[in-house]
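Atoms considered below: every heavy atom in the structure, side chains included; atoms not considered: hydrogens, waters and symmetry mates. Throughout, protein chains are lettered first and strands after them, A, B, ... in sequence-line order, and every chain is numbered starting at 1.
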Amino acid sequence: MRTDIERLYQQENRRVLATLIRLLGDFDLAEEALHEAFMAALKQWPEDGIPDNPRAWLVSAGRFKAIDQLRRRNRHRDAVDELTIQSLIEQDAEPEVDDHSIDDDPLRLIFTCCHPALARSAQLALTLREVCGLRTEEVARAFLTKTPTIAQRIVRAKTKIRDAGIPYEVPERHELAERLESVLAVVYLLFNEGYAPSDGDALTRPDLAEEAIRLGRMLAALLPEPEVLGLLALMLLHHSRRPARSDATGELVRLQDQDRSLWDQLLIAEGCALVPRALTPGGIGPYGLQAAIAALHAEARTFAETDWAQILGLYEALLQLTPSPIIALNRAVALGMSQGAAAGLAAVDALLNDPTLQHYHLTFAARADFCRQLGQVEHARVAYQQALTLTSLAPEQRFLQRQLQTLG
Amino acid sequence: MQYLALVYYSEAKMAELSTDDWDALNRECIACGENLSAAGQMLDGRPLMPVETATTVRVRDGKVTVTDGPFAETREQLAGFYLLEARDLNQAIQLAGKIPPARYGSVEVRPVRELKSDGNDHYR
């Protein structure tokens, strides 16, 4: 029974929290109320049986607990006015647990946590804490930060939400695209932090990539906009390659050297099926285009069979939509792959004046690869060495060292 | 002539005041405002919530950008103020985005707080 209750709680607690925040208008009060409602469930459900609608039960119990809590506070300090309590009690008569509003509560929560008036670092921490339900210590570990730092970041963000009047709502249609950008950026940053930790080897970190995909699935179910589907597809397709990205000793394996039989075909199928829906005319965005590129890689049975001409076209579209040095570099590589190493080298060299790419190890790794293909061994060596000085990630460094060794 | 008097202080220092001293200061401000208004010399005035609640709005190429935190750019100078009535921060941002100089500089949006005779503890 206890495990049944705990399983139900795991399933429902984020949705219940999202609704309680709307009803109570206060993150901390809602969290406390959720916790107390769970305690009440542990006591009551074994005796009375599990209610037909556990979520509604938890919401209702949570609200009563919050009213008690406010009354207790009222007795100690006179800061809480009876009006708040009264309005909470009156709400009780309304059946909001059954109306459509409740379905949107998880969206309200994520749009609030990712509000552009909060700093990006606060958006990330708050999303993991409130939407994903990670404990503060887990959030800290995920970002390789100290727990008090994250705790303070979360407290500050909640204070700003309350005091600056950030509303708990899904943005209206005319501002949806812009606000969604911020939400998708947070989810993709979480995914990338999990996919390629920015520093060191951190094996015990919570799986942020999985959390990000869970968020992506939730968003896709509640708000199936093309870019939401594009981001989910992109994450699924990248994630499908995870078993092949490193070998038994943990060393990095490049796309061209990966054992494609290790790729997760279920994730690939799910991701590829989303791509056409992400590329809806009028809704095409950077996530959809990147997902389409990832899908072409996923569908190629061997590296040699990769459709580089189409990938080049997609990178060109992406570069037009969101010009960035990294995309320009990827386009140059795709050009080399489809039109030959000489064309690729010329395209990479044309980018060497860019201040970002000058300090990016993959610029020189790409240059080195093309030089090697053209038999320019010494140029390749210099470029690999330059790349080596530009990365602090241990697996990347070891990979580049191996490349240098194979040059002889 | 009309003059805008802008109030600056260190929030960290104010936070060191005892609750009683802080409430007393707030009561002084209420009295000061009442006296000046009665004399017809104060047109309007409001204290603000702490700087942590600040949001900066800019308009560039017709696009509104929103960032956390106060505007802090010594190359720009205070040029005026609008006291806005808005439902929530989203509406305040929308309104701030309509202020023409938001296209050239920035508009800092801060919630106004209420001066109370006691229980001001929270807002420093």
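Within the model, atoms CG of A/Asp163 and CZ of B/Arg110 stand 11.5 Å from one another, a figure rounded to the nearest 0.5 Å. In this structure, CD on B/Gln94 lies 7.5 Å from CD on A/Glu172, to the nearest 0.5 angstrom. Remark: A/Ile161 CD1 to B/Leu89 CG distance equals 10.5 Å, nearest 0.5 Å.
Here B/Thr53 is the residue among B/Val57, B/Val64, B/Thr53, B/Thr65 with the most heavy-atom pairs under 4.5 Å with chain A.
With respect to B/Glu52 and A/Arg156, a salt bridge is recorded, a charged nitrogen being found less than 4.0 Å from a carboxylate O.
Both the backbone and the side chain of A/Ile166 come within less than 4.5 Å of a heavy atom in chain B. In this structure, chain A has no heavy atom under 4.5 Å from any part of B/Gln91. Within the 4.5 angstrom heavy-atom criterion, only side-chain atoms of A/Glu181, from C-beta onward, approach chain B. Heavy atoms closer than 4.5 Å to chain B are found in the side chain of A/Arg179, but not in its backbone. In this structure, chain A has no heavy atom under 4.5 Å from any part of B/Ala92.
Nearest heavy atoms, B/Pro111 versus A/Ala164: CG-CA, 3.6 Å.
Counted within 6.0 Å of CZ on A/Arg173, heavy atoms from surrounding residues, nucleotides or ligands total 12 or fewer; the atom is thus considered open.
Side-chain atoms of A/His115 and B/Asp68 include no donor-acceptor pair closer than 3.5 Å.
Of the residues A/Pro167, A/Pro171, A/Pro116, the one that meets the side-chain contact (heavy atoms from CB on, under 4.5 Å) test with B/Asn90 is A/Pro167.
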